[in-house]
Amino acid sequence: MSDVNVNDSERGSTGRPAEPSAFAALLSGLRGADFWDRPEGDWGPRRASRGEELERRLHANSCYRLGSKALRMGELDRARNWLRRACEDSHPGAAFRLAVTLWRQSGPDAASRAVTAVVSAARWGHEDARTLLRQAGWDLADIGLADRESVAPEQDGEFAADVRTLLAAVRRRDSFAGRIP
């Protein structure tokens, strides 16, 4: 018979849970880097019963994550499809990144749809969208947003430059031919 025991519960047991390694701590810190990755679906007001709404929001957040990954990889068709699905449940981060996707994919031809996505992101609570619209000269009250200074930290620095470029190309509402919902 061997001295090897498949039950190693007594070996080295201190009665305390193991401490995470530095690598595990680093990974857990990186997980929270995306402000709008909200697995609990905690963005904006809820519209339906708790269970049904939570399930839809969990799905929307998964779509947001898949769309974000596709956007980073340059797979713009796939990103657009996933982010649109997330927007169906008013995901602010998805609307912001959908604007980037549309702009990268079609440039000025998609300007009205991309700006509409930025405005939706701002309405749904995305502070970067609100700030960038104001900086580009948009009258926030004119598009149904309270004009207040943002005190929130940057929410999507990874793609803010793209949205800034989009809004600069459109300049301001005077030259915008699209319809703001």
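Between Arg130 and Glu127 a salt bridge is recorded (basic side-chain N to carboxylate O distance below 4.0 Å). We find that Arg56 and Glu52 are joined by a salt bridge, their nearest charged nitrogen and carboxylate oxygen being less than 4.0 Å apart.
Distance CD/Glu88 to NE2/His59: 8.5 Å, rounded to 0.5 Å. Rounded to the nearest 0.5 Å, atoms CG (Asp42) and CG (Asn61) are 8.5 Å apart. In this structure, CG in Asp139 is found 11.0 Å from CZ in Arg134, a value given to the nearest 0.5 Å. To the nearest 0.5 angstrom, Asp162 atom CG is 9.5 Å from Asp156 atom CG.
Here the shortest heavy-atom pairing between Leu83 and Ala94 reads O-CB, 3.8 Å. In terms of heavy atoms, Gly125 sits closest to Gln155 at O-OE1, 4.0 Å. Taking every heavy atom of both residues into account, Ala121 and Ala129 meet most closely at CB-CB, 3.9 Å. Scanning both residues, Ala160 and Leu132, for their nearest heavy atoms gives O-CD1, 3.8 Å. In terms of heavy atoms, Arg85 sits closest to Cys63 at CB-SG, 3.8 Å.
Hydrophobic clustering places Val100 together with Val170 (ILVMFWY residues linked when any side-chain heavy atoms are closer than 4.5 Å, directly or through intermediates). The hydrophobic clustering, which links ILVMFWY residues whose side-chain heavy atoms are closer than 4.5 Å, places Val163 and Leu140 together. Note on Trp103: it clusters hydrophobically with Val119, by side-chain heavy-atom contacts below 4.5 Å among ILVMFWY residues. Grouping the Ile, Leu, Val, Met, Phe, Trp and Tyr side chains by contacts below 4.5 angstrom, directly or via other members, places Leu76 with Val118. Residues Ile143 and Trp124 are members of separate hydrophobic clusters, defined by side-chain heavy-atom contacts under 4.5 angstrom among Ile, Leu, Val, Met, Phe, Trp and Tyr.
Heavy-atom neighbours of Arg38 CZ from other residues, nucleotides or ligands within 6.0 Å: above the threshold of 12. The environment of CZ in Arg78 is sparse: at most 12 heavy-atom neighbours from other residues, nucleotides or ligands sit within 6.0 Å. Atom CD of Gln135 is surrounded by more than 12 heavy atoms from other residues, nucleotides or ligands within 6.0 Å.
The aromatic rings of His91 and Trp43 lie tilted to each other, with the angle between the two planes from 30° to 60°.
Inter-residue side-chain proximity for Tyr64 and Asp89 is flagged as unmet; no heavy-atom pair is nearer than 4.5 Å. Between Asp128 and Phe35, the closest side-chain pair of non-hydrogen atoms is not below 4.5 Å. At least one side-chain heavy atom of Arg104 sits under 4.5 Å from a side-chain heavy atom of Leu71.
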| field | Arg97 and Ser68: CA distance, side-chain angles, deciding distance, side chain to side chain donor-acceptor pair (under 3.5 Å) verdict | value | CA-CA 7 Å; Arg97 292 183 180 187; Ser68 296; 2.8 Å; yes
| message | Test side chain to side chain donor-acceptor pair (under 3.5 Å) on Asp77 and Gln105; report intermediate values, then the result. | response | CA-CA 8 Å; Asp77 286 333; Gln105 200 167 37; 2.5 Å; yes
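By the side-chain contact (heavy atoms from CB on, under 4.5 Å) test, Ala114 is found to be paired with Ala99, Leu102, Leu166, residues two or more places apart in sequence or in another chain being considered.
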